[in-house]
Amino acid sequence: MASVTLTLPDGSTKEVAKGTPLSEFIRASIGPGLAKAAIVARLDETLVDLSTPVERDAKLEVLTNKSREALDVVRHDAAHVMASVVQRLYPGTQVTIGPAVEEGFYYDFFREQPFTPADLETIEKAVNEEIARDLPFVRSEISADEAIALFEGKGEKFKVEIVRDIVAKGAKTLTLYTHGDWVDFCLGPHSPSTSKIGVVKLLNVAGAYWRGNSANPMLQRIYGTAFFDKKALEAHLKQIEEAKKRDHRRLGPQLGLFMFHEFAPGAAFWLPNGTTFFNILQGSMRELVLANGYQEVKTPLLFDKRLWERSGHWGKYRENMFLVLDSESDPKLGIDERCSQSLKPMNCPSHHLIFGMRKRSYRELPIRFYTSDVLHRNEASGTLGGLTRVRQFQQDDAHIYLMESQVKDEVFAIVGLMKRVYDAFGLTFNARFSTRPAMRLGGDDLWDRAEGALRSALEATGLPWELCKGDGAFYGPKIDFEVTDSLGRKWQLCTIQLDYLAGERFEMKYTGSDNADHRPVVIHRAIYGSFERFTAILVEHFAGAFPTWLAPVQARILGVAERHSSYARETCAKLRALGFRVEVDDRNETLGSKIRDAQLEKIPYACIVGDNEAAQGSVSPRRFGGEDLKAMPLERFVQLLDAEGRVPYGGC
RNA sequence: GCCGACAUAGCUCAGCUGGUAGAGCAACUGAUUCGUAAUCAGUAGGUCCCGUGUUCGAUUCACGGUGUCGGCUCCA
């Protein structure tokens, strides 16, 4: 019998008879321990079932419950098991798809009646029973016709649609997986049997459109998660709890940062502490950009719709714009004809108008206009949520007008500013470089130059980045930055976009050294993204315990007894005069309870003042978290605040 | 916008099948004058989200609306 060679991760090689199932090979040639622990295997680059026969020379890696990819596989297993249970418990329910996702898995079902939380409990229990039954996952192949007949016979319209699509793409045979008496069409791989899954927890049920298209029927998506053992599941649930505690929607009002009201859905009220916070973000960004060649401008909030017609937004994004009704317009007309103005949803066109106010020289370039005006976008009601998705917001928005030859240096400079800002907050980030999409404007030579400039700028920064082929905007390539917060969650904050279209649309031009007119290239860029969203991320990143330079209240002076009030107030006044954000707590409460409140409000320093401090002109600061710095002269505390209170990226 | 859930005191939440609401914390008043995460006592606090309906009677049931939450779609 012919044999083939498998190369193991340690580099050793083993001969095996051709056609031997992997599981056999692992048991016989590596060890029964690993055979028992194995969940899936990687043959060369592909994940495969352990039942797969070995047909050719390959590299082999056996994945066990130590592997993240194996976890994804059993989560997919769990989705299958859940679907089988749901169809048994709720006859008539149709199945669609059910993949593993970042945190677990889901399965989309079609059923008229909604699943209730009680249903989820029932399903979860049944799923875990099914896991305990240790049913093997059995793989089989059938022809396309058989597959269609099979699912048509079951009345599974959605499955039939998927199968037909795959057949249309040229597939002749399809893979099925069966566990117990339940069968699904699926590419796999799956683990050997249900007991590999460990433990399943169902989390919630949500609506989802069939194939993600709002014109299609609404399905019910059941989200769940699976782990190899209970301990890991509990750790995960704890992590969800921790994230909940940090939720900016809860902490924001609690810390006096912001609130919402039903009279203005999607628009924040910035409370005193929040306004201070906002102003710190805004002021430090202003200092930073002004020190780096930007010019701040302010433009109207309300614009004639002709501006949006010129920019191209009126045709495509009118749905999301707040229109202003002309009071004298004819009520019989459509809304489009009755509105001639809208609140601005973005700053770019108004910056373009400033650029175009007069003839520009190449000597002036790059010109950098910075604005943090209020913007309005009429987002669909169902999408609103906290500060991350709002209708009214402000951006640290800038548009840079420059020659193509300046793009590389400019992008490099922007990334440098961004790095300074994100480093200050302890946010790590990675870049994604998006190149020309299929639908695009401009010739290949233009795109070659544009992508080349962006890429070389990125490479010059030395930051890691990944290529996203074809994800660019139709008017130019872009770089997206994704930051990772203290809980490991990723947020897409900003993009640097190259725009070759705006120059045309707004007939922008500058006179070059050749005394001829040229179109400038435009760069759209923001570092925070929006102040609202950035605030939300920072609140959750720091769990509300901001560093001294960012804290709305940097220190609170606590009198030990009421007779220390006047000294507390004097001290507070002195610190305020020096520009620090300080307040006094001279309520008739015990020191312990005042300390507790300062701690709950996450104020960086609680300064205790009593008889000793009043006599010596000192304070006894206690750091957030409990560290007692003991009595120190006020001047020393001033030095401390001064050092910690400085914005790490303010100015130059 | 779509699917589902939720909305009770400032906050966190009780309130079984319909009979006009309760706790803790916060607030207020008084006592207490205190040294690093909650001093004690008392008082007050409600359009049970809004509207309509069913009912002798609605916080509770039905319908409509608003907002919020979990998702989908969207995010120039």
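Below, chain A is the first sequence line, B the second, and so on; all start at residue 1. For the numbers below, each heavy atom of this structure counts, side chains included, while hydrogens, waters and symmetry mates do not.
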- Query: Does the base of B:rG35 carry an N or O that pairs as donor and acceptor with the side chain of A:Glu613 under 3.5 Å?
  - Reply: yes
- Item | Sugar-phosphate, base or nothing in reach of A:Tyr475, heavy atoms under 4.0 Å | sugar-phosphate
- Message: What contact category does A:Phe260 fall into here, base, sugar-phosphate, or nothing, at under 4.0 angstrom with non-hydrogen atoms?
- Response: nothing
- Task: Give one of base, sugar-phosphate or nothing for A:Thr383, where a contact means two heavy atoms less than 4.0 Å apart.
- Result: base
- Query: Out of B:rA38, B:rC2, B:rU36, which nucleotide sits closest to the side chain of A:Tyr209?
  - Reply: B:rC2
- Query: Relative to the 5' end of RNA chain B, which residue comes earlier, A:Arg587 or A:Arg563, by the nucleotide with the nearest heavy atom?
  - Reply: A:Arg587
- Query: Is a side-chain donor-acceptor pair under 3.5 Å present for A:Tyr475 with A:Gln497?
  - Reply: yes
- For the pair A:Tyr528 and A:Phe531, name the ring-plane relationship: parallel under 30°, tilted 30 to 60°, perpendicular over 60°. perpendicular
- Query: Under 4.0 angstrom, heavy atoms only, what part of the nucleic acid is A:Asn612 near: base, sugar-phosphate, or nothing?
  - Reply: base
- Between A:Tyr317 and A:Gly212, name the one whose nearest nucleotide on RNA chain B is closer to the 5' end. A:Gly212
- Query: Is A:Asp586 salt-bridged to A:Lys594, going by a charged N under 4.0 Å from an acidic O?
  - Reply: no
I'd like a table of donor-acceptor pairs (distance under 3.5 Å, sequence neighbours excluded) in which one partner is a side-chain atom from residues 345-352 of chain A, with atom names and distances.
| from | atom 1 | to | atom 2 | distance (Å) |
| --- | --- | --- | --- | --- |
| A:Asn347 | OD1 | A:Lys344 | NZ | 3.2 |
| A:Asn347 | ND2 | A:Asp397 | OD2 | 3.0 |
| A:Ser350 | OG | A:Thr299 | OG1 | 2.9 |
| A:Ser350 | OG | A:Asn347 | O | 2.8 |
| A:His351 | ND1 | A:His399 | ND1 | 2.8 |
| A:His351 | NE2 | A:Thr371 | OG1 | 2.6 |
| A:His352 | ND1 | A:Cys348 | O | 3.2 |
| A:His352 | ND1 | A:Tyr401 | OH | 2.7 |

- Message: Counting only side-chain heavy atoms from C-beta out, which of B:rC72, B:rG1, B:rU68 sits nearest to A:Ala208?
- Response: B:rC72
- Query: Any side-chain donor-acceptor pair under 3.5 Å between A:Trp308 and A:Ser342?
  - Reply: yes
- Reckon A:Gly386 touches a base, only the sugar-phosphate, or nothing at all at heavy-atom distances under 4.0 Å? sugar-phosphate
- Fill in the dot-bracket string of RNA chain B, one character per base: . for unpaired, | for a pair to another strand, ( ) or [ ] for pairs within the strand, taking Watson-Crick or G-U pairs under 3.5 Å. (((((((..((((.....[..)))).(((((.......))))).....(((((..]....))))))))))))....
- Mind running side-chain contact (heavy atoms from CB on, under 4.5 Å) on A:Leu353 and A:Phe506 for me, showing each step along the way? CA-CA 8 Å; A:Leu353 296 181; A:Phe506 283 82; 4.2 Å; yes
- Message: By the 4.0 Å heavy-atom rule, please label A:Thr116 as base, sugar-phosphate, or nothing.
- Response: nothing
